[in-house]
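To start, the structure itself, in structure tokens.
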Amino acid sequence: MDGENKPRVAVHKFSSCDGCQLALLNLGEDLLTLAARVELVHFAEAGPTNPDAWVDVAFVEGSMSTPEDIERIRRIREQSRVLIAIGACAVSGGIQGLRNQADGAAWIAQLYEHPGAIASLAQSTPVSAHVKVDFELYGCPVDSAQMLAAVNALLLGAVPRASTDKVCTECKRQGHPCVMVSRGIACLGPVTRSGCGALCPSLGRDCYGCYGPAENANTDALTAQFARLGLDATAIRQRFQGINSQAPVFLAAAQRTGAGHD
Ligand code: SF4
Ligand code: SF4
Ligand code: SF4
């Protein structure tokens with residue numbers, strides 16, 4: 001990205017709630033600083049629209065849910081030097097990935113008078129299932145400071161660093177009382193990657209895994225701990241079937257509980 005021209009950046013949306021784009025908009029003054037250093041070529045929520053332009057960095061929000069999505073993400077990949085998937089939808093298929101375990105066609109047939117008019121893939125999949133992804137940022141929504149840090153690293157020619165530690169680490173550093181130890185509440189912090197600042201435990205509630213699996217997540221040990229807290233197999237499975245249900249580590253943990261699906 002050297003040279004006189006500013007690096008060109010695009011922000012694309014797929015199946016998602018727009019929350020991760022809002023996280024970027026919520027950068028406030030930092031976004032204005034960033035906008036001065038890069039050329040925002042496509043960011044429909046903020047104004048500029050040029051989805052087919054070549055860019056240095058493409059941020060992609062949302063999961064792949066329709067045949068058109070797959071064609072579009074391939075075009076974006078061809079037109080991008082670096083592609084960054086942002087948020088649980090783009091990285092693991094998101095909450096909409098819960099339908100991967102269900103018969104989506106049967107649901108559509110029940111809901112719509114003309115089911116043939118609905119172009120929906122059987123599975124909601126992450127961006128990486130279809131094209132090469134250079135960097136992934138988990139979170140629901142993604143943390144805006146992490147996004148900014150990733151862009152800054154790329155502008156400096158460095159490789160962005162992903163957080164792989166566990167939420168428990170942040171939680172302990174900040175001195176929050178452990179909701180699992182002190183109140184017997186099932187918390188996914190021991191297997192969830194850090195980056196949110198242990199937001200939920202700081203407010204006295206459990207982590208539900210929105211930052212996705214941490215490195216070396218010991219889900220078997222946590223499953224055993226949840227059982228000791230009195231959760232049955234269905235309740236344990238449901239703890240892993242949240243926003244990142246299709247992240248392989250959480251998916252495997254849910255399947256190992258052996259309970260049937262709802
Ligand atoms: S990851 Fe969460 S906040 Fe981001 S687009 Fe998906 S549902 Fe919305
Ligand atoms: S509250 Fe949750 S994140 Fe914090 S230390 Fe306890 S288990 Fe870990
Ligand atoms: S504590 Fe867990 S659920 Fe809450 S914001 Fe952090 S990663 Fe997400």
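Whatever order the structure lists ligands and atoms in, that order sets their numbers, starting from 1. Owing to the predicted nature of the structure, the values given are computational and were not obtained by experimental measurement.
- For atom 3 (S) of ligand 3, the closest non-hydrogen atom on the protein side is Y208 N, 3.3 Å.
- Near S16, meaning under 4.0 Å from one of its heavy atoms, ligand 1 places the atoms 5 (S).
- Atom 1 (S) of ligand 2 has as its closest protein heavy atom V179 N, 3.3 Å.
- Taking 2.8 Å as the criterion, C178 counts as a coordinating residue of atom 6 (Fe) of ligand 2, since one of its N, O or S atoms falls below it.
- Of the protein's heavy atoms, C20 SG, 2.4 Å lies nearest to atom 4 (Fe) of ligand 1.
- Among all protein heavy atoms, the one lying closest to atom 5 (S) of ligand 2 is K172 CE, 3.6 Å.
- With a 4.5 Å cut-off on side-chain heavy atoms, Y138 and T192 do not count as touching.
- Residues I236 and F240 form a side-chain contact, since some pair of their non-hydrogen atoms from C-beta on lies under 4.5 Å apart.
- In this structure the side chain of C171 reaches within 4.5 angstrom of the side chain of H176, judged on heavy atoms.
- In summary, the atoms of ligand 2 found under 4.0 Å from a heavy atom of G189, numbered by their order in the structure, are 3 (S).
- Side chains of E170 and C196 form a contact here, defined as non-hydrogen atoms less than 4.5 Å apart.
- The contact set between ligand 3 and C196, taken as ligand atoms under 4.0 Å from a residue heavy atom, comprises 1 (S), 5 (S), 6 (Fe), 7 (S).
- Atoms of ligand 2 lying under 4.0 Å from at least one heavy atom of P190, given by number and element, are 7 (S).
- Put simply, the side chain of E61 reaches to within 4.5 Å of the side chain of D18, judged on heavy atoms.
- Contact annotation: the side chain of I185 never approaches that of M180 to less than 4.5 Å [non-hydrogen atoms, C-beta and beyond].
- For ligand 1, the atoms closer than 4.0 angstrom to any heavy atom of E61 are 5 (S).
- For S194, the closest heavy-atom approach to ligand 3 does not fall below 4.0 Å.
- At a heavy-atom distance under 4.0 Å, no atom of Q21 approaches ligand 1.
- Near P141, meaning under 4.0 Å from one of its heavy atoms, ligand 1 places the atoms 3 (S).
- For ligand 3, the atoms sitting less than 4.0 Å from at least one non-hydrogen atom of C207 are 1 (S), 2 (Fe), 3 (S), 7 (S), numbered in the order shown with element in parentheses.
- Interface of G139 with ligand 1, defined as ligand atoms under 4.0 Å from a residue heavy atom, comprises 1 (S).
- Look at C140 and atom 2 (Fe) of ligand 1: an N/O/S atom of the residue is under 2.8 Å from the metal.
- Checking G204, C187, C171, A186 against atom 7 (S) of ligand 2, the nearest heavy atom belongs to C187.
- Close contacts between ligand 3 and Y211 involve ligand atoms 7 (S), 8 (Fe) [criterion: under 4.0 Å to a heavy atom].
- Within a 6.0 Å sphere centred on CZ of R161, heavy atoms belonging to other residues, nucleotides or ligands number 12 at most.
- Heavy-atom proximity to P201, at under 4.0 Å, picks out these atoms of ligand 3: 1 (S).
- Nearest protein heavy-atom contact of atom 8 (Fe) of ligand 2 is C168 SG, 2.2 Å.
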